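Report on the following structure.
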Amino acid sequence: MNQEAGDQIRKRKRRNKRQKTDTSSTKQSANTTATVAAQHTVKNPSASAVSKSSSKPLTYLEKMKAKLAGGHFRMINEKLYTCSGDEALSYFKEDPSLFSMYHTGYQEQMSRWPEQPVNIIMKWLKDHSSSLVVADFGCGDARLSKGVKNKVFSIDLVSNDPSVIACDMSNTPLESSSIDVAVFCLSLMGTNFPNFIQEAHRVLKPNGWLLIAEVKSRLDPTNGGADPDRFIQAVCQLGFKSVSKDFSNKMFILLYFRKKEKNNSKKEIEWPELKPCLLAHSLGFATVKPEEISGSQPAEVQNLVQGKWMKTTNLNTIKDPLNGEKFITISEVEESGIKPFVESLSKCPKHGLHNPFKSPERYLLYGDISAKAGHMLAQPEVADFFAKLIQRVAPKSYQQAFGEVYVTGKFLENFSGDQVRFLARSFGVPGNHLGQQSHGFRWPYGPVAVITPFNFPLEIPLLQLMGALYMGNKPVLKVDSKVCIVMEQMLRLLHDCGMPLDDVDFINSDGKTMNKLLLEAKPRMTLFTGSSRVADKLADDLNGRIKLEDAGFDWKILGPDVHEVDYVSWVCDQDAYACSGQKCSAQSMLFMHENWSKTSLLRQLTDLAARRKLEDLTIGPVLTVTTEAMLGHMKKLLQIPGSKLLFGGEELENHYIPSIYGAIKPTAVFVPIEQILKAENYELVTKEIFGPFQIITEYKDNQLQLVLDALERMHAHLTAAVVSNDPLFIQEVVGKTVNGTTYAGLRARTTGAPQNHWFGPAGDPRGAGIGTPEAIKLVWSCHREVIYDVGPVPHNWQIPPST
Ligand code: SAH
């Protein structure tokens with residue numbers, strides 16, 4: 001009868017679409033893992049080997065081995081959940097080494113759980129008599145037997161330990177009615193699991209205990225799992241009575257039964273299906289390995305439209321910026337292929353996917369997705385994955401790439417829980433008469449587009465995309481082809497964290513096709529981050545329905561008060577040359593008060609620039625300006641009277657950067673302030689070079705007005721720094737300038753923005769913002785006022801004369 005039930009279950013579909021539930025439950029930060037490991041060492045001596053190794057940082061090689069083991073673990077785990085016990089037995093008999101591989105991966109996964117079910121069972125046994133004879137069905141490395149005084153029969157498919165009986169647990173050599181406690185700790189894996197429980201029933205004495213610990217997601221009907229009550233009922237029909245159940249743990253549930261003295265039931269048992277628990281590895285979402293992408297193994301990038309990943313036949317290849325190998329293949333959508341994207345956007349009404357009056361549960365859904373995704377990015381292996389992937393496509397130092405991932409993770413954490421709902425907070429004003437109240441609401445635009453550049457492959461698109469989604473919009477996302485692989489992988493992570501597949505479309509195409517898509521799909525709002533040239537064209541094409549973050553000719557003024565020359569020199573070097581100057585916030589011009597020229601500042605800038613090396617990518621390829629263009633620009637500047645090269649001004653040595661990209665040493669050109677202001681020089685000097693290039697100038701006490709005049713004439717007002725601790729000086733400069741993100745004080749800088757502040761340009765009504773709640777609300781929602789006027793109409797009201 002139960003065999004039949006098992007067979008029935010086997011016939012059903014077995015793919016587990018709830019992988020995401022399981023991943024979420026295996027996500028713990030490194031710190032938590034270490035704490036859990038430490039607790040283990042105290043509670044459970046047999047676990048100390050695992051604990052020790054997980055508390056010290058792994059070497060690169062160890063990490064790689066663990067990753068490989070992780071891959072095998074997933075495969076074996078899936079196999080065990082989708083075959084019967086006897087099939088599993090022959091599987092391991094063929095290759096017993098798979099068993100230890102499985103358990104390495106299993107332990108790795110379990111180390112992320114805040115509590116181990118086997119420890120709870122040990123505690124239960126310790127609280128009962130040590131004379132109870134135990135059978136541990138599916139004992140793994142037999143740690144239960146090692147942690148208690150009881151006589152324990154440990155049973156598993158493979159015996160690496162002499163105390164373990166190797167057999168299929170539906171058919172054990174144990175005598176009937178010989179056991180006091182039968183334990184299944186996360187071991188109901190086979191498709192014929194009812195046979196395992198039946199075998200436990202056979203070997204148990206009357207009144208004997210049956211303890212089952214099972215992964216929560218398998219028995220959570222709200223998440224696609226089986227109904228625990230149905231499962232309990234089936235076990236009872238087999239001849240048990242349910243004593244208690246414990247749902248208090250986050251990761252697993254515990255069920256306690258006792259064998260009935262007699263079992264009269266002859267009824268056929270209806271077992272619920274238990275889906276596989278694909279204890280997913282935290283990199284389960286990824287389809288590429290950053291280290292392995294190469295000319296011989298190119299990675300592939302797909303499009304996502306109407307909930308489906310899609311390839312095309314029009315392939316674009318991207319060259320590795322470090323050696324020119326064609327290392328990424330992108331499925332690009334051609335003009336003839338935009339229809340599904342247009343359709344998808346048009347399906348979204350102007351009132352959006354949600355708003356305060358429609359599907360408000362989606363605010364919470366996005367709070368939840370953000371919490372999960374933030375938690376994913378906090379995992380070392382996930383952060384490392386994205387940092388390395390970023391490095392491959394937008395070469396910058398590991399620290400800079402990691403910083404990008406870190407800030408992105410913090411952003412997601414910031415918008416977890418109810419914080420997305422709070423973004424749509426409304427306000428009310430009392431009306432003119434009873435029953436009238438005016439309410440202001442944040443309203444979505446509906447269909448929108450997000451277009452983002454190469455320099456921050458993860459941070460800019462993710463922050464803008466999430467902002468769009470939080471406010472209820474449906475975005476189509478287009479990321480610069482050179483780096484789009486990063487967001488392609490991030491979208492897969494977001495799907496794993498519960499983002500509905502059809503909330504975001506992702507398109508790869510050339511600019512012309514994207515332009516056509518925008519004209520046909522008519523998004524109600526487009527956010528563009530990138531060059532001013534494209535920004536201006538889009539503003540025209542889209543009739544101004546656009547928000548922009550374009551150029552940044554970012555300046556820094558060193559005030560008359562000189563302090564901390566070492567520190568200020570270092571910040572100047574970072575601002576001008578980190579990420580090879582390819583940040584929209586990079587320092588383009590340094591105004592130095594003459595007091596600073598008398599210090600070691602310029603010498604230190606020269607030395608710090610010389611430290612930068614291609615090997616660690618502290619200097620590297622420039623993706624949008626060629627070497628020739630940068631050196632050509634420098635030559636023109638050097639024709640200005642009084643100008644001189646301070647350092648750099650040469651191509652990098654010993655590099656294989658292809659000639660479509662730029663490769664120069666960190667460069668600074670000095671131009672006298674009076675010359676900068678001359679009409680014939682101003683445009684040239686303030687031309688933004690998106691590379692490791694800056695202008696340095698000097699001003700005297702009585703020349704501050706010249707500096708302010710130079711700033712007034714600039715047209716891109718993104719970041720700025722006033723390095724001074726003189727409040728009156730700061731006041732003077734800040735009061736007479738217009739930069740969206742301005743840092744003031746001794747430690748002021750232009751780059752390295754933490755995630756807790758507004759970032760964006762000022763002085764342009766089209767200016768976008770990024771990062772904070774205010775930025776999200778400004779860019780991604782409009783205002784709607786609803787004036788409630790419900791009455792009552794005054795008692796003696798009469799129609800008044802016309803007015
Ligand atoms: N109970 C242990 C291990 C759980 S892993 C612990 O909590 O640490 C699940 C174990 O069940 C694996 O070691 C697997 O080999 C074993 N298992 C799965 N199907 C089995 C079967 N049909 N017979 C015996 N053991 C089985």
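Hydrogens, waters and symmetry mates play no part in the numbers below; they use all other heavy atoms, side chains included. Numbering of ligands and ligand atoms starts at 1, following listing order. Everything quoted here is computed from the prediction, not taken from an experiment.
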Taking atom CG of N150 and atom NZ of K126, what is their separation to the nearest 0.5 Å? 10.0 Å
Is D168 in polar range of ligand 1, meaning some N or O pair under 3.5 Å apart?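 Indeed, backbone or side chain, D168 has an N or O that close.
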Mind checking whether D156 has an N or O less than 3.5 Å away from an N or O of ligand 1? yes
Can you report which non-hydrogen protein atom sits closest to atom 23 (N) of ligand 1, along with the distance?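 Residue, atom and distance for the closest contact: M169 N, 2.9 Å.
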Fit a plane to each ring of F184 and F196, take the angle between them on a 0 to 90° scale, and name the class: parallel (under 30°), tilted (30 to 60°) or perpendicular (over 60°). parallel
Under 4.0 Å from a heavy atom of [X]: give me the atoms of ligand 1 that qualify, with their elements.
{"X": "C185", "value": "1 (N), 2 (C), 4 (C), 7 (O)"}
{"X": "L186", "value": "9 (C)"}
{"X": "F196", "value": "22 (N)"}
{"X": "F99", "value": "13 (O), 15 (O)"}

With a 4.0 Å heavy-atom cut-off (strictly under), which part of [X] contacts ligand 1: side chain, backbone, both or neither?
{"X": "H103", "value": "side chain"}
{"X": "C167", "value": "backbone"}
{"X": "Y106", "value": "side chain"}
{"X": "C139", "value": "backbone"}
{"X": "M189", "value": "side chain"}

Ignoring hydrogens, what is the shortest heavy-atom contact between Q237 and E268? Give both atom names and the distance.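 The answer is OE1-O, 4.2 Å.
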Between G85, A142, G138, G140, which one has a non-hydrogen atom sitting closest to atom 11 (O) of ligand 1?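 Result: the heavy atom closest to atom 11 (O) of ligand 1 is in G138.
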Salt bridge flag under 4.0 Å for residues K123 and D127: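 Salt bridge: yes.
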Taking the six-membered ring of F247 as reference, does the cationic atom of K245 (NZ for Lys, CZ for Arg) lie under 6.0 Å from its centre and within 45° of its axis?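 Not satisfied by the 6.0 Å and 45° rule.
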Side chain to side chain donor-acceptor pair (under 3.5 Å) between E199 and T172: does it pass, once the steps are laid out? CA-CA 8 Å; E199 176 68 357; T172 70; 2.7 Å; yes
Without swapping roles, check the side chain of R202 against the backbone of L174 for a donor-acceptor pair under 3.5 Å.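 Looks like yes, one N/O pair under 3.5 Å.
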In terms of heavy-atom contacts, does CZ of F231 have more than 12 from other residues, nucleotides or ligands at under 6.0 Å?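 Enclosed.
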4.0 Å heavy-atom contact, F137 with ligand 1: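 Contact absent.
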Testing F402, F285, Y406 for ring pair (Phe, Tyr, Trp, His ring centres under 6.0 Å) with F386, which one passes?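 Among F402, F285, Y406, the one meeting ring pair (Phe, Tyr, Trp, His ring centres under 6.0 Å) with F386 is F285.
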